[in-house]
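Following: one structure in structure tokens, then a few remarks.
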There are 2 protein chains.
Amino acid sequence: MTSSSRRRGEIPLLLAMIYRAMNDEIHDRLAAEGREPLRPAHGYTFRLLLARDDVTTVALADHLGITKQAASKIAAELETWDYLERRPHPTDGRARVLALTAKGLAYVRHADELWGQAEDRWAAVIGPDRLDQIHADMRAYVDASGGRAALRPVW
Amino acid sequence: MTSSSRRRGEIPLLLAMIYRAMNDEIHDRLAAEGREPLRPAHGYTFRLLLARDDVTTVALADHLGITKQAASKIAAELETWDYLERRPHPTDGRARVLALTAKGLAYVRHADELWGQAEDRWAAVIGPDRLDQIHADMRAYVDASGGRAALRPVW
DNA sequence: CAATGTAGTCAATCAGATTGACCATTATAG
DNA sequence: CTATAATGGTCAATCTGATTGACTACATTG
């Protein structure tokens, strides 16, 4: 059966390998579409903005684990490419709220479809039931790690 | 059971989250031990040298996906910290073979133990049998991706 | 309303990487 | 055998994404 041959400590490496393989695949396809030179940080920014609608530059910086100056630059790039806009904050005059534009939203949807296809390819190999199981087991780990596991950049 | 609630495209994100969470944990612990400022590239270098004993600077560069100049610098750092040594190549007078020193090997062993502990923590949540299953399913994906999946840096 | 804290910007600098030029050695073609 | 091309590695200059530090404008606390 499955067991015996599992070397201790191999699991994390496999996680990295699979994520990296899927990531490469998606990146290649996005690059082939001739888009702006989006870097990982931009992708993580999209995903944060999708999850929350009250994101300021400082919040973005915190999420990405970089300084606010660097985060500001990321946001500025995305703004010039029309992926996001900086709107005045409703209550705080100092702050600005970062929000995806229609183009930005379309981009995330498109990327999500590609991620979905990568996932499908795994499902094709092991079957959807196993993938459901894996999904549940991964969720269990994330839930058990008490907030330590969040979708933050893997640099 | 497990299924129904799985949103398509969520799996890759969970992979990233878990890898990142485990990585953070290990990094924190290694950093707390007051070592040289080792970066991800150094870790991937260790792992390559552990797997092969004929690694040249160019091979390292190729593996890391960086230029040979950058790879040379990485190797030079590791050499000054006594983690690896550059030996003359047995047959090619131009080349040098990179190899782990005893200190380098000890470091990898230590890091592997920490990875093993992270893995154990997951096993504690879902049980070792499930982890065996996941291991097999991940292996299946890697094998099916025809060499595309290799342990290369996830930046 | 004074004092302190926070969001964001501008400017200078740093670190890790890249490009380009080069040398020494090896492999290939006449 | 050479003559030529290709390869491993280094040195130097440059680029880029980030950091630190100083500052302004607004907010919060007392």
Side-chain angles (χ1 to χ4, degrees), chain A residues 20 23-24 27 31 35-46 48-49 52-81 83-99 152-155, chain B residues 20 23-24 27 31 35-46 48-49 52-81 83-99 152-155:
Chain A
R20 160 85 200 221
N23 201 44
D24 280 359
H27 188 271
R35 299 184 167 273
E36 296 86 354
L38 294 173
R39 285 166 281 129
H42 297 115
Y44 287 103
T45 299
F46 285 146
L48 176 65
L49 297 188
R52 291 175 38 191
D53 62 354
D54 60 342
V55 178
T56 62
T57 301
V58 169
L60 175 62
D62 184 56
H63 179 74
L64 294 179
I66 59 181
T67 60
K68 58 184 179 177
Q69 293 89 331
S72 179
K73 210 169 162 187
I74 299 277
E77 285 168 350
L78 290 175
E79 189 177 37
T80 65
W81 295 330
Y83 285 111
L84 71 74
E85 52 185 20
R86 312 197 216 200
R87 300 200 280 246
H89 193 284
T91 64
D92 190 332
R94 297 165 302 179
R96 291 169 170 274
V97 173
L98 307 179
R152 319 187 77 240
V154 180
W155 304 119
Chain B
R20 160 86 200 219
N23 201 42
D24 280 359
H27 189 272
R35 299 185 167 272
E36 294 87 353
L38 293 173
R39 286 167 279 129
H42 298 115
Y44 286 103
T45 300
F46 285 146
L48 176 65
L49 298 187
R52 291 176 37 191
D53 61 355
D54 61 341
V55 178
T56 63
T57 302
V58 169
L60 175 61
D62 184 57
H63 178 74
L64 295 179
I66 60 181
T67 60
K68 57 185 179 178
Q69 292 90 331
S72 178
K73 209 169 162 188
I74 298 276
E77 285 169 349
L78 289 176
E79 190 176 36
T80 65
W81 294 330
Y83 284 111
L84 71 75
E85 51 186 19
R86 312 197 216 201
R87 300 201 279 245
H89 193 283
T91 65
D92 189 333
R94 297 164 301 178
R96 290 167 171 275
V97 175
L98 308 178
R152 319 187 78 239
V154 179
W155 303 121

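Proteins get letters first, then strands, A, B, ... in listed order; numbering begins at 1 in each. Hydrogens, waters and symmetry mates play no part in the numbers below; they use all other heavy atoms, side chains included.
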Grab the [atom1]-[atom2] distance between [X] and [N] for me, whole Å please.
| X | N | atom1 | atom2 | value |
| --- | --- | --- | --- | --- |
| A:H42 | D:dT16 | NE2 | P | 14 Å |
| B:R96 | D:dT10 | CZ | C1' | 11 Å |
| B:I66 | D:dT10 | CD1 | P | 13 Å |
| A:R94 | D:dT28 | CZ | C1' | 8 Å |
| B:I74 | D:dT10 | CD1 | P | 14 Å |
| B:D54 | D:dG8 | CG | C1' | 14 Å |

Within a strict 4.5 Å, meaning less than it, do heavy atoms of the [X] and [Y] side chains meet?
| X | Y | value |
| --- | --- | --- |
| A:L38 | A:F46 | yes |
| B:R35 | B:W81 | no |
| B:R86 | B:V97 | no |
| A:T56 | A:L60 | no |

**Asked** Listed in order of residue number, which residues of residues 84-93 of chain B have a non-hydrogen atom at under 4.0 Å from DNA chain D?
**Response**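 Correct list: B:R86.
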
Please identify each residue that fulfils side-chain contact (heavy atoms from CB on, under 4.5 Å) with [X], with sequence neighbours left out.
| X | value |
| --- | --- |
| B:T57 | B:A71, B:S72, B:L98 |
| B:R39 | B:H42, B:I74, B:E77 |
| A:D24 | A:R20, B:R148 |

**Request:** Nearest-nucleotide wise, let me know which of A:A70 and B:K68 is further upstream toward the 5' end of DNA chain D.
**Result:**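 First, find each residue's nearest nucleotide; the 5'-ward one identifies B:K68.
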
Provide a list of protein-nucleic acid N or O atom pairs under 3.5 angstrom, restricted to nucleotides 13-16 of chain C.
unit_1	atom_1	unit_2	atom_2	d
C:dG16	OP1	B:R39	NE	3.2

**Request:** Kindly say if A:T56 contacts the phosphate of C:dA7, meaning a side-chain N or O under 4.0 Å from OP1 or OP2.
**Result:**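 For A:T56, the contact criterion (side-chain N or O under 4.0 Å from OP1 or OP2 of C:dA7) is not met.
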
**Under-4.0 Å side-chain N/O to phosphate OP1/OP2 contact, B:S72 with D:dT10** =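 Answer is yes, contact under 4.0 Å.
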
**Item:** Rounded distance (nearest 0.5 Å) linking atom CG of A:D62 with atom NZ of A:K68
**Value:**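 Here the rounded value is 12.5 Å.
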
**Atom pair NZ (A:K73) and CG (A:L78), whose distance is rounded to the nearest 0.5 Å** =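 Rounded to the nearest 0.5 Å, the NZ-CG separation comes out at 13.0 Å.
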
**Member of B:L84, B:T45, B:L49 meeting the side chain to side chain contact (heavy atoms under 4.5 Å, CB included) criterion with B:V55** =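 So the option named by the test is B:L49.
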
**Request:** Enter the inter-axis angle for the ends of the helix from C:dC1-D:dG30 to C:dG30-D:dC1 (five pairs per end, rounded to 10°).
**Result:**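 Result, rounded to 10 degrees: 30°.
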
**Message:** Given the structure, check if the side chain of B:Q69 and the base of C:dG20 hold any donor-acceptor pair shorter than 3.5 Å.
**Reply:**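 Looking at the base of C:dG20, it does pair with a donor or acceptor on the side chain of B:Q69 (distance under 3.5 Å).
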
**Prompt:** Hey, does A:T67 reach any base, or is it just sugar-phosphate, or nothing, if we go heavy atoms under 4.0 Å?
**Reply:**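 Here A:T67 touches the bases of the nucleic acid.
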
**Message:** Tell me the closest heavy-atom pair linking A:Y83 and A:E36, and the distance in Å.
**Reply:**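 Heavy-atom minimum between the residues: OH-OE1, 2.5 Å.
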
